[in-house]
Amino acid sequence: MHYTDLMLKFDDEAQAKAYLYEEVPTAWDNSDPENPIVTETESRPLFRNIDTLGVIYTGGSWDAEGNEVEAPVAQPGWHVNIRCLDGEDSTHLDGFVVTPTPATPRRVWA
């Protein structure tokens with residue numbers, strides 16, 4: 001099996017969901033058979049392997065007792081890793097790929 005791992009950075013969670021999920025109709029009002037109306041939808045992933053990290057924090061330090069000395073700093077963006085399998089098209093994500101790849105990523109696929 002061939003796969004491609006991508007580390008992505010979006011502006012926020014809503015933007016990530018807009019690119020990684022699709023709304024699929026699950027129920028209709030068929031009272032007018034010529035014009036059925038969608039009454040319910042479900043959010044379904046476009047990829048089988050999505051790992052949402054969300055906000056990433058860097059830095060921070062603690063003393064020997066575990067007390068915070070310096071607070072970690074939130075990094076901008078909403079971070080998601082995906083593993084694209086054969087047949088999954090990720091070309092619409094090209095503008096969100098983190099480059100260069102982080103030297104010490106928070107999480108990786110095993």
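Everything numeric here is computed off the predicted structure, so don't read it as measured data.
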Correct closest heavy-atom pair for S43 and E23 would be CB-OE2, 3.2 Å
Worksheet item: So, does N30 use its side chain to make a donor-acceptor pair with the main chain of P33 at under 3.5 Å?
Response: no
Worksheet item: Between the side chain of Q75 and the main-chain N/O of V73, is any donor-acceptor distance below 3.5 Å?
Response: yes
Report task. Compare all side-chain heavy atoms of F10 with those of V80 and state whether any distance is below 4.5 angstrom. Result -> yes
For M7 and P102, the nearest pair of non-hydrogen atoms, with its separation, is SD-CD, 3.5 Å
Is there side-chain contact between V24 and E22, with heavy atoms separated by less than 4.5 Å?
yes
- Query: Any side-chain heavy atom of L20 sitting closer than 4.5 Å to one from L46?
  - Reply: no
Handout entry: Common cluster, Y57/V108, ILVMFWY with side-chain heavy-atom separation under 4.5 Å
Key = no
Practice problem: Evaluate the side-chain contact (heavy atoms from CB on, under 4.5 Å) criterion for residues R83 and L85: first the C-alpha distance (whole Å), next the side-chain angles of each, then the deciding distance (0.1 Å), finally the verdict. | Solution: CA-CA 6 Å; R83 173 166 277 181; L85 303 177; 4.1 Å; yes
Applying salt bridge (Lys or Arg N to Asp or Glu O under 4.0 Å) to K17 and not counting sequence neighbours gives E13
| message | With clusters defined by side-chain heavy atoms of hydrophobic residues (ILVMFWY) lying less than 4.5 Å apart, directly or transitively, does V98 cluster with V55? | response | no
Within the 4.5 Å heavy-atom criterion, are N49 and W109 side-chain neighbours or not? yes
Problem set entry | Backbone of R48 reached by a side-chain donor or acceptor of E88 within 3.5 Å | yes
Q. Would you say the side-chain atoms of N81 pair up with the backbone N or O of R107, donor to acceptor, closer than 3.5 Å?
A. yes
One should read off an interatomic distance between I82 CD1 and L6 CG, to the nearest 0.5 angstrom, of 4.5 Å
Across all chains, not counting sequence neighbours, the salt bridge (Lys or Arg N to Asp or Glu O under 4.0 Å) partners of D11 are none
Answer yes or no: is there a side-chain heavy-atom contact under 4.5 Å between W62 and E70?
no
C84 and S90 have their tightest heavy-atom pair at SG-CB, 3.5 Å
Closest non-hydrogen contact found for W28 with T39 is N-OG1, 3.7 Å
Residues I56 and L53: closest non-hydrogen pair is CD1-CD2, 4.2 Å
>> Between T101 and T99, is there a side-chain heavy-atom distance shorter than 4.5 Å?
In response: no
Y19 vs L8 side-chain heavy atoms within contact, under 4.5 Å: no
Side chains of T52 and W78 in contact at under 4.5 Å (non-hydrogen atoms): yes
